[in-house]
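Some notes on the structure that comes next.
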Amino acid sequence: MRKVVLITGASSGVGLALCRRLLEEDDELHLCLACRNMSKAEAVRAALLASHPAAEVTTVQVDVSSLQSVFQASKELKQRKVIHIFSTAEGLLTQHDKITADGLQEVFETNVFGHFILIQELESLLLHDDSPSQLIWTSSRNAMKSNFSLEDIQHSKGQEPYSSSKYAIDLLSVALNRNFNQQGLYSSVVCPGTMLTNLTYGILPPFVWTLITPIIRLFRFFANAFTLTPYNGTEALVWLFHQKPESLNPLVKYLSATTGFGNNYVVSKKMDLDEDTAEKFYQNLLELEKHIRVTFQNTDNQS
């Protein structure tokens, strides 16, 4: 049976680069591209199959900033019964937060809660004692403990929603390991480094990045976080994909790094968190999930 990889955000950036790198190493994988824009997803699917005809590539529409979309995608995936490996690509990079249609903070829902609900919905497919499932979250070196609060897990009152959401991912990964390792589910977090993608182009125009890229390349002789390209940024993701998940340290974050000469490697770093806080955060998410499900049930009953 083919190993199956579900990749969110697979139509561009790290997600797309990850698809390409995985198929370069094993073109008999089954990739499931989970994307918001289905026209882009189908175009990526066609391109991947053109270069790797032995692969199996499918698509599913999911917008992790919309819980209705997450529930629909989960229902479809459970009908297919195909999920063995689960990877998340990069989330929303913004400091300008807003409220979604679900009444949640957008950065929190996109980076954390939407994926959490997806995992909860696919639990029956992910829990296998005989064949471990692997979650790989894209976190960040910018995941700062000081920007996160258990009293405001959505960061509605702060100014650093991106950093808070990435720290929340670190906490959630640790809690998932604590609760599900014995049932065959393992979780890890990575940081792809600083890359030039559609997300970073939203911070500065492309021509500015073009001007400063030579300077950034020089910085790489002193700071390995400047991976620059999505291909380089997937180094830790691909490395994790080839490890036995049960052998990994759940308290470690794996960082993609690139030398000044352009060589890629992986760095490990112990995360600045404690398991008690991780468990409390996980329980907060479960409580929020209960509230959301009641809201959706009431909406369905009224319609």
Side-chain angles (χ1 to χ4, degrees), residues 1-8 14-15 18-19 21-26 28-32 34 74 77-78 80-89 112 115-141 143 166-192 233-257 264-283 285-286:
M1 186 175 180
R2 292 177 186 245
K3 184 177 287 188
V4 183
V5 187
L6 174 66
I7 302 176
T8 59
V14 169
L18 180 59
C19 291
R21 287 196 64 172
L22 291 178
L23 289 181
E24 285 173 4
E25 298 188 10
D26 183 357
E28 292 190 355
L29 291 174
H30 176 171
L31 295 188
C32 183
S74 301
L77 289 168
K78 282 186 282 190
R80 299 183 193 178
K81 298 181 180 179
V82 297
I83 308 306
H84 289 176
I85 307 292
F86 181 97
S87 301
T88 70
V112 185
H115 288 93
F116 172 73
I117 292 296
L118 187 60
I119 292 165
Q120 295 291 93
E121 287 290 292
L122 299 179
E123 188 175 283
S124 61
L125 301 181
L126 292 168
L127 301 183
H128 298 285
D129 292 334
D130 57 337
S131 178
S133 295
Q134 184 180 24
L135 305 176
I136 304 177
W137 299 83
T138 300
S139 181
S140 173
R141 289 170 171 83
K166 293 302 184 179
Y167 189 79
I169 285 173
D170 296 350
L171 291 171
L172 178 54
S173 181
V174 169
L176 290 171
N177 282 313
R178 185 175 183 177
N179 285 276
F180 294 107
N181 276 179
Q182 291 187 347
Q183 299 176 65
L185 177 63
Y186 296 86
S187 180
S188 300
V189 289
V190 305
C191 173
T234 62
E235 189 68 23
L237 285 157
V238 174
W239 182 84
L240 278 171
F241 181 77
H242 292 297
Q243 307 307 307
K244 291 184 177 180
E246 60 270 30
S247 70
L248 299 168
N249 187 335
L251 299 178
V252 164
K253 181 180 296 183
Y254 299 92
L255 318 174
S256 294
N264 298 322
Y265 62 105
V266 178
V267 178
S268 60
K269 179 181 180 182
K270 192 174 187 303
M271 293 185 283
D272 180 21
L273 51 75
D274 64 85
E275 295 187 60
D276 287 341
T277 301
E279 184 61 28
K280 289 176 182 177
F281 174 61
Y282 178 66
Q283 295 302 321
L285 288 181
L286 291 176

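Numbering of residues begins at 1 and proceeds along the displayed sequence. These values consider heavy atoms only, across backbone and side chains, with no hydrogens, waters or symmetry-generated copies. Just so you know, these numbers come straight off a predicted model, no measurement behind them.
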- Query: F281: what forms a ring pair (Phe, Tyr, Trp, His ring centres under 6.0 Å) with it, not counting sequence neighbours?
  - Reply: F148
- List for me each residue that meets ring pair (Phe, Tyr, Trp, His ring centres under 6.0 Å) alongside Y186, sequence neighbours excluded, and say none if there are none. none
Residues forming a side chain to side chain contact (heavy atoms under 4.5 Å, CB included) with [X], sequence neighbours excluded:
| X | result |
| --- | --- |
| A236 | V190, Y254, S256, V266 |
| S187 | L135, W137, S173, L176, N177 |
| D26 | E28, L29 |

Considering non-hydrogen atoms only, spot the tightest contact between [X] and [Y] and give its length.
| X | Y | result |
| --- | --- | --- |
| P250 | V174 | O-CG2, 3.5 Å |
| Y167 | A143 | N-CB, 3.5 Å |
| P192 | S139 | CD-O, 3.9 Å |

Flag side-chain contact, heavy atom, 4.5 Å: [X] against [Y]:
| X | Y | answer |
| --- | --- | --- |
| L77 | C32 | yes |
| V5 | L18 | no |
| N179 | L185 | no |

- Kindly write out the residues that satisfy salt bridge (Lys or Arg N to Asp or Glu O under 4.0 Å) with R141, not counting sequence neighbours, or none if the list is empty. none
Enumerate, atom names and distances included, each donor-acceptor pair closer than 3.5 Å involving a side-chain atom of residues 238-245, sequence neighbours excluded.
from : atom 1 : to   : atom 2 : distance (Å)
H242 : NE2    : E25  : OE1    : 2.3
Q243 : NE2    : W239 : O      : 2.9

- Task: State which residues pass side-chain hydrogen bond (donor to acceptor under 3.5 Å, both in side chains) with R21; sequence neighbours excluded, sorted by chain then number.
- Result: T234, E235
- Message: Run the side-chain hydrogen bond (donor to acceptor under 3.5 Å, both in side chains) test against D274 and tell me which residues pass, sequence neighbours left out.
- Response: T277
Rounded to the nearest 0.5 Å, what separation is found between the [atom1] atom of [X] and the [atom2] atom of [Y]?
| X | Y | atom1 | atom2 | value |
| --- | --- | --- | --- | --- |
| S131 | L126 | OG | CG | 11.0 Å |
| S133 | H128 | OG | NE2 | 5.0 Å |
| L22 | L31 | CG | CG | 6.5 Å |
| H115 | L172 | NE2 | CG | 11.0 Å |

- Item | E275 backbone acceptor or donor facing R178 side chain under 3.5 Å | yes
- Are any side-chain N or O atoms of K166 and backbone N or O atoms of T138, one a donor and one an acceptor, separated by less than 3.5 Å? yes
Pair up each side-chain donor or acceptor in residues 116-125 with any protein partner under 3.5 Å, not counting sequence neighbours, and list the distances.
from : atom 1 : to   : atom 2 : distance (Å)
Q120 : NE2    : E289 : OE1    : 3.1
E121 : OE2    : R293 : NH1    : 3.0
E121 : OE2    : R293 : NH2    : 2.6

